[in-house]
Amino acid sequence: MCSVKYSRIKGTGSYLPEKVLSNTDLEKMIDTTDQWIRDRTGIERRHIVGEDETTCDLAEMASRRAIEAAGINIEDIDLVIIATTTPDRIFPSTACLLQERLGIQKGAAFDVQAVCTGFVYALDIADKFIRTKSARTALVVGADALSRILDWSDRTTCVLFGDGAGAVVLSGSDESGVLSTHLHADGRYKDLLTVPAGISQGYEQVQSQNAFIHMDGREVFKKAVNTLGQLVDETLEANQMEKGDIDWLIPHQANIRIITATAKKLKMPMDRVVVTVQEHGNTSAASIPLALDVAVRDGRVKRGETLLLEAFGGGFTWGSALVKY
Ligand code: COA
């Protein structure tokens, strides 16, 4: 039997809803242009959930693909974590709903809410469960349907986001896997990027115009660029690594300009950065596992390579993971 020194990614999967909304489609809905959206964000299109489609539907598809890629039996999974900001129900958690769909009845299942940083938070937690032998095989999912919390008449936000899910299966191993994780939060920035309504404020709030994403784009942009630069330094220092030791940067896909700034800080050429923002928009907690799965399946990311995952989002929250794939 192997000793458990690390948690290791055994397989990845992702899923995007069928419906595609292009920038040109948006031109017909609001006062915007394809050019403006491309220039400011890099986004060309995004996927949007169907009328009856939910976060759990996306999570289930991504999970089944990750389980297949990992070559494990579903019964081996003894931890299910979903990072999401758009759960299907107030309760039970979307992780419990997913667990039921997959026919898993053992171990813990819970949601993590750290908005766009959610997947990195979930990965950190699952890694700790595995290394402390509290779980053997974890299903870690990032899934969101942010289109449900967008004000489709607000051109400053609705052009930025999309829906999707990504998943990884994580197992204990004596081979290198997750090398380190670094999580942060600072709630003083709660109002710069928020949906300022919630169930404890009463149902009226949830049904009001407040129940949509409100964002100070310029301030979020500035803070994200500075913070991610510091996060990259922190991650390299903790692992006594140099910039050149990273094979792939797999960033949260919010805006191509934020991604380029982080790559520049790392002195990484853009062909070592996985970029999906043009196809997916900002899919919140789904964005990193989605990008990872795309790059694994198209053969860019290979076993043994060193990946730097990093994210920034509402809270503010931010975090990174250095992973030997
Ligand atoms: N189409 C056309 N014009 C738009 C527009 C749209 N969709 N949205 C805003 N504009 C206009 C603004 O009204 C403004 O017009 P004005 O100069 O007449 O007032 C102008 O474009 C510039 O707006 P500004 O907000 O300064 O643009 P920007 O360069 O900061 O880009 C964002 C806006 C949102 C793309 C950018 O700030 C950003 O990416 N921020 C980070 C957002 C993010 O990633 N959030 C999630 C983090 S997880």
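From a predicted model like this one, the values you see are computed outputs, not experimental measurements. Remember, it's 1-based here, ligands and their atoms both numbered in the order they're listed.
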Got the closest protein heavy atom to atom 48 (S) of ligand 1, with its distance?
F312 O, 3.2 Å
heavy-atom search around atom 8 (N) of ligand 1 in the protein gives W36 CH2, 3.3 Å
Any Lys/Arg nitrogen of [X] or [Y] sitting under 4.0 Å from an Asp/Glu carboxylate oxygen of the other?
{"X": "R64", "Y": "E60", "value": "yes"}
{"X": "R101", "Y": "D57", "value": "yes"}
{"X": "R65", "Y": "D293", "value": "no"}

Is [X] in polar range of ligand 1, meaning some N or O pair under 3.5 Å apart?
{"X": "R218", "answer": "yes"}
{"X": "N255", "answer": "yes"}
{"X": "R40", "answer": "yes"}
{"X": "G217", "answer": "yes"}

Using heavy-atom distances only, which candidate in [options] approaches [atom] most closely?
{"atom": "atom 12 (C) of ligand 1", "options": "R155, Q253, E27", "value": "R155"}
{"atom": "atom 43 (C) of ligand 1", "options": "Q35, M215, E219", "value": "M215"}
{"atom": "atom 1 (N) of ligand 1", "options": "I259, T32, L146", "value": "T32"}

Give the atoms of ligand 1, by number and element, whose distance to some non-hydrogen atom of [X] is under 4.0 Å.
{"X": "R257", "answer": "29 (O), 31 (O), 36 (C)"}
{"X": "A254", "answer": "44 (O)"}
{"X": "V159", "answer": "7 (N)"}
{"X": "T41", "answer": "35 (C)"}
{"X": "C116", "answer": "48 (S)"}
{"X": "T156", "answer": "8 (N), 9 (C)"}

Would atom 17 (O) of ligand 1 count as contacted, meaning some protein heavy atom under 4.0 Å?
no
For the CG atom of L249 and the CG atom of L307, what is their distance to the nearest 0.5 Å?
10.0 Å
Measuring from the heavy atoms of N282, does anything fall under 4.0 Å of ligand 1?
yes
Parallel, tilted or perpendicular, as decided by the 30° and 60° cut-offs, for the rings of H280 and H47:
perpendicular
What I want to check is whether the side chains of D144 and T84 have a donor and an acceptor closer together than 3.5 Å.
yes
Going by atom types only, do N239 and S180 share a side-chain donor-acceptor pair under 3.5 Å?
yes
Please check if atom CZ in R188 has more than 12 non-hydrogen atoms from other residues, nucleotides or ligands closer than 6.0 Å.
no
Is it the case that more than 12 heavy atoms not belonging to K106 sit under 6.0 Å from its NZ atom?
yes
Side chain to side chain contact (heavy atoms under 4.5 Å, CB included) test vs T86 passes for just one of D163, I149, V195, T94, namely I149
